[in-house]
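Report on the structure given below.
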Amino acid sequence: MRNKHVLYTVQAAAIAAIYVVLTVVFAPFGFGEVQVRISEALTVLPYFTPAAIPGLFVGCLIGNLFGGAIPLDIVCGSLATLAAAGCSYLLRKKKYLVPLPPVIFNALVVPFVLYYGYGVNLPIPVMMLTVGVGEVLSCYVIGLVLLMALDRYKGVIFKNAVA
């Protein structure tokens with residue numbers, strides 16, 4: 001039992017670390033009213049392991065912090081990622097719906113952060129569209145490719161994760 005908890009912690013930490021690196025390296029594309037955050041492709045990982053839920057949350061929190069986000073963005077963006085990861089995990093039986101929660105949560109939350117936190121002077125519905133399109137590219141295009149590639153090795157990579 002102890003080894004499963006260690007594995008869970010290691011998986012969560014590794015996912016968080018990868019999310020942070022991808023967020024910081026690709027920061028020019030991942031912040032603003034039109035954003036394609038490459039690290040959001042990792043939001044498909046709850047399909048494989050529940051360790052992805054805290055991993056994505058912590059990764060988003062630290063990535064936003066190092067990416068120069070304001071406190072409102074750090075908190076709200078990370079909580080949106082946490083909620084989306086939890087919902088993605090609940091949808092794990094329906095592979096093609098796993099990327100949907102991050103698209104929805106970020107399209108609904110991030111525009112308000114951009115408008116009220118950063119003072120972006122665009123209508124919120126327009127930013128919902130631009131953020132949503134960026135999330136579709138990150139989660140459904142890149143993320144689904146990642147999911148399909150990892151699914152071939154699911155038994156090897158994620159076989160001992162705590163379910």
Side-chain angles (χ1 to χ4, degrees), residues 7-89 95 98-120 122 127-154 156-158 161:
L7 180 61
Y8 180 92
T9 303
V10 168
Q11 286 178 345
I15 291 166
I18 295 166
Y19 190 101
V20 170
V21 169
L22 290 174
T23 299
V24 172
V25 168
F26 294 104
F29 309 111
F31 292 90
E33 55 274 0
V34 177
Q35 52 183 263
V36 178
R37 189 176 278 200
I38 304 300
S39 52
E40 284 289 294
L42 300 178
T43 59
V44 299
L45 295 180
Y47 173 79
F48 300 103
T49 175
I53 298 168
L56 291 167
F57 171 66
V58 171
C60 185
L61 190 82
I62 296 170
N64 282 344
L65 186 65
F66 286 150
I70 62 171
L72 180 67
D73 194 3
I74 294 167
V75 172
C76 292
S78 301
L79 289 174
T81 296
L82 177 62
C87 290
S88 290
Y89 179 73
K95 185 187 299 189
V98 170
L100 188 58
V103 173
I104 293 170
F105 278 91
N106 283 299
L108 292 176
V109 172
V110 172
F112 288 95
V113 172
L114 292 171
Y115 189 83
Y116 292 107
Y118 291 101
V120 175
L122 288 173
M127 288 189 285
M128 286 177 168
L129 180 65
T130 61
V131 170
V133 168
E135 283 293 309
V136 166
L137 292 172
S138 298
C139 301
Y140 265 102
V141 176
I142 303 168
L144 210 49
V145 168
L146 177 65
L147 187 145
M148 297 306 214
L150 291 176
D151 201 29
R152 297 181 71 190
Y153 303 100
K154 179 164 71 174
V156 175
I157 300 172
F158 298 104

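Quick note: numbers below take in every heavy atom, side chains included, and nothing from hydrogens, waters or symmetry partners. The residues of the chain are indexed from 1 along the displayed sequence.
- Applying the side chain to side chain contact (heavy atoms under 4.5 Å, CB included) rule to Tyr118 yields the partners Ala69, Ile70, Asp73, Val113, Leu114, Val120; only residues at least two apart in sequence or on another chain are considered.
- Heavy atoms only, all atoms of each residue included: Pro101 and Ala84 are closest at CB-O, 3.5 Å.
- Of all heavy-atom pairs between Pro99 and Val44, the closest is CG-CG1, 4.0 Å.
- Annotation: the span from Leu150 atom CG to Leu42 atom CG amounts to 9.5 Å, rounded to 0.5 Å.
- In this structure Glu40 satisfies the side chain to side chain donor-acceptor pair (under 3.5 Å) test together with Tyr19, Asn106, sequence neighbours excluded.
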Considering only distance and modelled atom types, tabulate donor-acceptor pairs under 3.5 Å from the side chains of residues 139-146, sequence neighbours left out.
residue: Tyr140; atom: OH; partner: Tyr96; partner atom: O; Å: 2.8

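- Atoms CD and CE, from Glu135 and Met128 in turn, are 13.5 Å apart once rounded to the nearest 0.5 Å.
- For Tyr47, the side chain to side chain contact (heavy atoms under 4.5 Å, CB included) partners at least two apart in sequence or on another chain are Arg92, Lys95, Val98, Leu147, Asp151, Lys154.
- Considering every non-hydrogen atom in both Ala85 and Ile53, the closest pair reads O-CG1, 3.8 Å.
- Taking the side chain to side chain contact (heavy atoms under 4.5 Å, CB included) definition, one finds that Ala52 meets it with Ile15, Leu45, Pro46, Thr49, Leu56, sequence neighbours left out.
- The two residues Ala51 and Pro54 come nearest to each other via the heavy atoms O-CD, 3.3 Å.
- Nearest approach of Val103 to Gly132, heavy atoms of both residues: CG1-O, 4.0 Å.
- Rounded to the nearest 0.5 angstrom, Phe112 CZ and Cys76 SG are separated by 11.0 Å.
- Pairs engaging residues 53-69 under the side-chain hydrogen bond (donor to acceptor under 3.5 Å, both in side chains) rule: Arg37-Asn64 [sequence neighbours left out].
- Atoms CD1 and CD1, on Ile74 and Ile62 in that order, are 11.0 Å from each other to the nearest 0.5 Å.
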